[in-house]
Number of protein chains: 2
Amino acid sequence: MTETATEEKIKEAARIVFMEKGYAAAGMRDIATKAGVNLSLVNYYFRSKKNIFQIIMLEKMHIIFGNIIPYMVDENTTLEEKLNHIATVYIDTISEDPNLPMFVFSEFQKNPEDFSFLFPIKKINFNEISIIKQFKTIRPDINPAHFMLNFLGLTIFPFIAAHLFSKMNTGIFDNIQTVIKERKSFIPLWMKSILETNLTAK
Amino acid sequence: MTETATEEKIKEAARIVFMEKGYAAAGMRDIATKAGVNLSLVNYYFRSKKNIFQIIMLEKMHIIFGNIIPYMVDENTTLEEKLNHIATVYIDTISEDPNLPMFVFSEFQKNPEDFSFLFPIKKINFNEISIIKQFKTIRPDINPAHFMLNFLGLTIFPFIAAHLFSKMNTGIFDNIQTVIKERKSFIPLWMKSILETNLTAK
DNA sequence: GTCTATAGAGAGATAGAC
DNA sequence: GTCTATCTCTCTATAGAC
């Protein structure tokens with residue numbers, strides 16, 4: 001491997017510390033301690049806090065978007081297959097790192113300038129990717145943004161709300177991680193119903 | 001009023017600074033400057049950074065939950081009326097302060113211990129509030145957690161994702177604030193479809 | 001590559017004059 | 001109530017010995 005053991009230990013510690021505390025509250029000392037190395041080694045390998053953070057952020061962006069875009073652009077699957085596949089894969093992926101969505105959305109919001117250059121996704125015109133084209137043939141009357149917000153909201157929001165909801169003793173969010181996994185098979189069916197909903201009613 | 005003009009100026013500045021930067025990155029000097037007052041006045045009125053933050057957080061918690069719980073517990077409205085009412089009121093309320101959901105979820109996650117005592121909601125047993133009882137009579141086969149996650153996901157997630165999505169040039173999230181407002185009438189209809197979805201199918 | 005030691009900037013908080 | 005000045009601590013980052 002090209003990375004030394006020390007470098008990888010520091011990177012792994014940085015992943016944990018940044019994900020737990022966010023950029024601002026994370027300290028270089030936290031990272032060094034968690035990695036079991038001397039403070040100055042963190043700077044030796046990564047030069048600055050901002051630099052190591054951007055490396056971690058780029059990794060996380062790839063996980064959160066890189067695992068979803070390829071299925072969205074695939075011209076050889078139906079819309080139903082896409083929804084099935086993405087819901088399943090995505091919930092499994094994020095379940096291994098459940099704070100990922102909050103981390104990415106929240107850190108991006110705080111310093112958009114620092115990350116706008118990180119977009120490999122930046123160039124993608126959603127109007128021309130398969131999943132949106134398929135949606136448009138079924139529902140030309142609805143802005144595809146609604147479709148994406150619905151799908152991602154049903155899939156991702158539970159991870160974002162999990163901490164707060166499970167701590168507020170409501171009696172219904174006690175095994176929220178189990179509930180989230182049930183959603184793998186439910187979300188595609190709910191999305192189908194949403195797709196068929198007549199919005200001019202009432 | 002019981003609060004002096006200075007105290008209120010500081011509080012308003014604190015609201016803005018904390019919402020923009022989060023607790024960790026916000027500085028007492030930021031707050032003083034934004035309020036147009038001397039640094040030591042912030043400590044004079046609020047004694048510590050943590051203290052003023054908790055005051056703001058409590059306020060924000062009341063906005064995000066206080067505007068929704070009363071409608072959920074109301075025994076005199078149907079489930080359909082609740083969904084209509086909440087979706088509309090909530091989207092209007094949060095639109096005035098669109099970073100509110102991210103702020104509350106994100107700051108809570110980072111320091112749960114600091115805020116667990118802030119719950120006025122803590123004692124509410126969701127299994128006994130009207131909206132959940134109504135849901136259970138319609139769908140006794142589904143965990144009510146799904147119902148709440150669906151409704152709140154459709155309603156709140158767009159606010160959380162808005163920043164990131166609108167900056168990634170997808171071509172479909174350009175007027176996302178307008179899109180979000182359209183959802184006021186759509187969400188109740190989508191929820192109706194979701195409620196009627198047969199989940200044993202396939 | 002890894003350590004000790006420290007520079008230099010910035011933070012939260014307070015003492016004390018007015 | 002409001003100011004100036006400052007204490008004390010902690011942070012990122014680096015210089016320099018090994």
Side-chain angles (χ1 to χ4, degrees), chain A residues 1-60 103 106-107 110-111 113-115 118, chain B residues 1-60 103 106-108 110-111 113-115 117-118:
Chain A
M1 52 181 162
T2 69
E3 289 177 353
T4 69
T6 304
E7 185 172 353
E8 185 47 43
K9 270 197 302 184
I10 295 170
K11 211 191 253 182
E12 180 57 20
R15 284 186 195 101
I16 296 168
V17 173
F18 280 132
M19 290 281 293
E20 262 179 17
K21 304 192 173 187
Y23 177 75
M28 296 294 265
R29 281 169 181 80
D30 297 334
I31 296 172
T33 303
K34 175 137 300 192
V37 304
N38 189 279
L39 166 64
S40 49
L41 285 185
V42 183
N43 284 289
Y44 174 77
Y45 282 104
F46 296 96
R47 234 189 56 252
S48 75
K49 181 183 173 184
K50 188 165 212 161
N51 185 51
I52 189 172
F53 179 71
Q54 288 185 328
I55 290 168
I56 305 300
M57 184 70 163
L58 181 57
E59 270 187 21
K60 298 296 184 185
F103 175 77
S106 148
E107 295 297 332
K110 279 170 197 159
N111 282 79
E113 330 80 53
D114 290 356
F115 308 114
L118 289 177
Chain B
M1 49 179 163
T2 69
E3 291 175 353
T4 69
T6 304
E7 185 171 354
E8 186 47 44
K9 269 197 300 184
I10 295 171
K11 211 190 254 183
E12 180 57 19
R15 284 186 195 102
I16 297 168
V17 173
F18 281 131
M19 291 281 293
E20 262 179 17
K21 303 193 174 188
Y23 176 75
M28 296 293 266
R29 283 169 179 81
D30 296 334
I31 296 172
T33 303
K34 174 136 301 192
V37 305
N38 188 279
L39 166 64
S40 51
L41 285 184
V42 183
N43 285 290
Y44 174 78
Y45 282 104
F46 296 96
R47 236 190 55 254
S48 74
K49 181 183 173 185
K50 189 166 212 161
N51 186 52
I52 189 171
F53 180 70
Q54 288 184 328
I55 291 169
I56 305 299
M57 184 71 162
L58 181 57
E59 270 187 21
K60 298 296 184 183
F103 175 78
S106 148
E107 296 297 331
F108 181 87
K110 279 171 199 159
N111 283 79
E113 331 78 55
D114 290 356
F115 308 115
F117 79 95
L118 288 178

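Here the structure is a predicted model, which is why all the values come from computation and not from measurement.
The minimum heavy-atom distance between A:Val42 and A:Ala32, with the atom names listed, is CG2-CB, 3.8 Å.
Listed for the A:Glu107 side chain is a donor-acceptor partner under 3.5 Å among the backbone atoms of A:Tyr23. The main-chain N or O of B:Ala26 is found under 3.5 Å from a side-chain atom of B:Lys49 such that the two form a donor-acceptor pair. Listed for the B:Gln54 side chain is a donor-acceptor partner under 3.5 Å among the backbone atoms of B:Asp114.
Ion pair B:Glu12/B:Lys9 not flagged as a salt bridge, since none of the NZ, NE, NH1 or NH2 atoms sits closer than 4.0 Å to an Asp/Glu carboxylate oxygen.
Interface residues of residues 15-23 of chain A facing DNA chain D, ordered by number: none; criterion, heavy-atom separation under 4.0 Å.
Under the side chain to side chain donor-acceptor pair (under 3.5 Å) criterion, A:Thr33 pairs with no residue at all, not counting sequence neighbours.
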- Message: Walk along nucleotides 4-18 of chain C from 5' to 3' and tag each nucleotide B, S or - by protein heavy-atom contact under 4.0 Å, base first, then sugar-phosphate.
- Response: B------BBBB----

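In this structure, A:Phe53 has its ring center no closer than 6.0 Å to that of A:Phe46.
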